[in-house]
Amino acid sequence: ASSATHPPIIPPEDLTSFQTHLSRSTRILALLGAGLSASSGLPTFRGAGGLWRTHDAMQLATPEAFSRDPALVWQFYSYRRHMALRAKPNAAHFALAELAKRRGEGLLTLSQNVDGLSPRAGHPPETLKLLHGSLFDLKCSSFFCSHVERDNYTDPIVPALAIPTTKTAENENNGEIDPTTKQALNQLTNNGKEENEEEEVDTSIAASSSSSTSPRDAQAEADANPNHYLDISNPHVTLPTIPLSSLPHCPSCTHGLLRPGVVWFGEMLPADIMASIDAWIEASPTIDLMLVVGTSAKVYPAAGFVDVARAKGARVAVVNVERDVPAGGLAEGDWLFEGDAALVLPELLR
Ligand code: BV8
Ligand code: ZN
């Protein structure tokens, strides 16, 4: 049964030993992954979430995919921005934010997530390192241009990326979404308001990605909700084709294409962020506790910080719905708390 229905059973002796250690810890490192946001309705990379339409998300999150088909990659990221904006931080995001407020420099949080939910939970930005960037940052894809935009919450960034609803799909013109539709316009004007005003469009977009409904079911579902976002993660739903000219362009240089401000596979993690993490690690000979929340800890160099913490004496506490533990497994004195982070973490950090 899914963990969300059965509250996790945390063995009392493990809870006590963990909370005793937490209270005595002065240097804590946390590594967060997609599992932390699973209860907020955002699919993880593994399992069903790893597919978007017929594409492996890991393949789309690459510079090669962007240069080969920038429109498809932008539709993938625009969809994820749309989902993340409609998702809400869950109890685990808030519990971590509260611990970070209490501990200040004593807790450094490394998040692999790009969904913006930890910042929206009020996690103090000075001790939150977004290792893989953010869906809401943009940067110019021209090698010679350094244009960067932070915290751009406009959804969609450009009218052509508006997620089609059955209505807009009707008056599609040459594959472009009609930017004059009310939905496309109020999306544009709705730039960055945290709580999007109730739009007439039903925003209950399917949270599960690439649902396997057949073309007929997808059409029936769309017909049943006349003003409903099409679930463009569903391969049976046609994806509008977008000409290059309609994609976001850089305002600073000779109109290079803007790209999502995330770190793709094969790309370096931001050097300034890595330097600030190293400075925190070097600031003391020991690390007391390594929290590993909702991540398979298989993506490097992020996962490497678990080994760094171990080497400095840290005991490791894993929070995961499965027995998905970092490479090298658990050592004597480590903890594995099996369950949904949204249910387990508030308990642990109380
Ligand atoms: C680099 C942004 C090179 C984009 C992301 C072979 C061996 C070793 C390394 C490599 C290799 N081949 C390639 C590499 C390098 C590669 C890598 O590590 N690949 C892995 C797959 C082997 N790394 C890179 O490419 C990095 N760059 O190495 O550069 C270089 C070096 C020098 C000079 C130039 C270049 C860049 C990596 C960053 C990629 N970008 N994200 C985007 O999001 O679109 S990574 C992306 O995938 C996420 O950010 C995240 O980090 C990762 C997925 O991992 P998780 O977060 O763990 O999510 P996942 O779905 O995997 O797992 C979810 C977990 O949660 C599961 O354990 C599940 O059980 C659990 N869970 C589910 N529900 C819940 C839950 N837990 C609790 N509660 C729940 N409710
Ligand atoms: Zn530029």
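Whatever order the structure lists ligands and atoms in, that order sets their numbers, starting from 1.
- Within the 4.5 Å cutoff, the side chain of Gln19 has heavy atoms near those of the Arg350 side chain.
- Rounded to the nearest 0.5 angstrom, Leu60 CG and Thr62 OG1 are separated by 7.0 Å.
- Contact atoms of ligand 1 toward Gly339: 77 (C), 78 (N) (distance under 4.0 Å to a heavy atom of the residue).
- Protein atoms that are N, O or S and lie under 2.8 Å from the Zn ion (ligand 2) are these: Cys140 SG, Cys145 SG, Cys250 SG, Cys253 SG.
- Classification of Arg150 and Asp137 as a salt-bridged pair holds, one side-chain N sitting under 4.0 Å from a carboxylate O.
- For Lys139 and Glu267, the salt-bridge test fails: no basic side-chain N is under 4.0 Å from an acidic carboxylate O.
- In terms of polar-atom proximity, Gly33 is not counted as a contact of ligand 1, lacking any N or O under 3.5 Å from an N or O of the ligand.
- The contact set between ligand 1 and Tyr77, taken as ligand atoms under 4.0 Å from a residue heavy atom, comprises 4 (C), 42 (C), 44 (O).
- Of the candidates Val299, Asn320, Leu32, Val299 brings a heavy atom nearest to atom 37 (C) of ligand 1.
- For Gly266, a nitrogen or oxygen atom sits less than 3.5 Å from a nitrogen or oxygen atom of ligand 1, counting backbone and side chain alike.
- Criterion: ILVMFWY side-chain heavy atoms under 4.5 Å apart, direct or through other members. Under it, Val262 and Leu85 are part of a common hydrophobic cluster.
- Using a 4.5 Å heavy-atom threshold, the side chains of His55 and Leu72 count as touching.
- In this structure, Thr26 and Asp288 have side chains that are in contact, with non-hydrogen atoms separated by less than 4.5 Å.
- Close approach of ligand 1 to Asp324 (heavy-atom distance below 4.0 Å) involves ligand atoms 66 (C), 67 (O), 69 (O).
- Within 6.0 Å of atom OH in Tyr300, more than 12 heavy atoms from other residues, nucleotides or ligands are found, so the atom counts as buried in its surroundings.
- Of the listed residues (Gln112, Arg80, Met268, Glu338), the one carrying the non-hydrogen atom nearest atom 42 (C) of ligand 1 is Arg80.
- In this structure, Arg53 contributes its side chain and Asn234 its backbone to a donor-acceptor pair below 3.5 Å.
- Side-chain atoms of Ser39 and Asp340 include a donor-acceptor pair closer than 3.5 Å.
- The closest heavy-atom contact to atom 9 (C) of ligand 1, among the options Phe337, Tyr300, Phe265, comes from Tyr300.
- Inclusion of Phe76 in the set of residues having an N or O under 3.5 Å from an N or O of ligand 1 is not warranted.
- Ligand 1 has no nitrogen or oxygen under 3.5 angstrom from a nitrogen or oxygen of Pro301.
- Considering backbone and side-chain N/O atoms, Ser296 comes within less than 3.5 Å of an N/O atom of ligand 1.
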Pair Ile163, Met83 - check side chain to side chain contact (heavy atoms under 4.5 Å, CB included), show working. CA-CA 11 Å; Ile163 293 186; Met83 297 275 286; over 6 Å; no
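- Heavy-atom proximity to Glu322, at under 4.0 Å, picks out these atoms of ligand 1: 69 (O).
- Comparing His132, Glu267, Arg323 by heavy-atom distance to atom 45 (S) of ligand 1, the nearest is His132.
- Below 4.0 Å from some heavy atom of Val114 lie the following atoms of ligand 1, by number and element: 2 (C), 43 (O).
- A side-chain donor-acceptor contact under 3.5 Å links His249 to the backbone of Leu247.
- An N or O contact shorter than 3.5 Å is missing between Val319 and ligand 1 by distance.
- Every atom of ligand 1 with a heavy atom of Asp340 under 4.0 Å away is listed here by number and element: 78 (N), 79 (C), 80 (N).
- The shortest side-chain heavy-atom distance between Met274 and Pro301 falls under the 4.5 Å cut-off.
- For the residue pair Asp324 and Ser296, no side-chain donor N or O sits within less than 3.5 Å of a side-chain acceptor on the partner.
- Those atoms of ligand 1 with a heavy atom of Ala61 less than 4.0 angstrom away are 44 (O).
- Residue Lys298 has at least one heavy-atom neighbour below 4.0 Å for each of these atoms of ligand 1: 18 (O), 20 (C), 22 (C).
- Of the options Ala341, Ala34, Ser134, the smallest heavy-atom separation from atom 56 (O) of ligand 1 is shown by Ala34.
- Relative ring orientation between Phe18 and Trp335 is described as perpendicular, the plane-to-plane angle rising above 60° on a 0-90° scale split at 30° and 60°.
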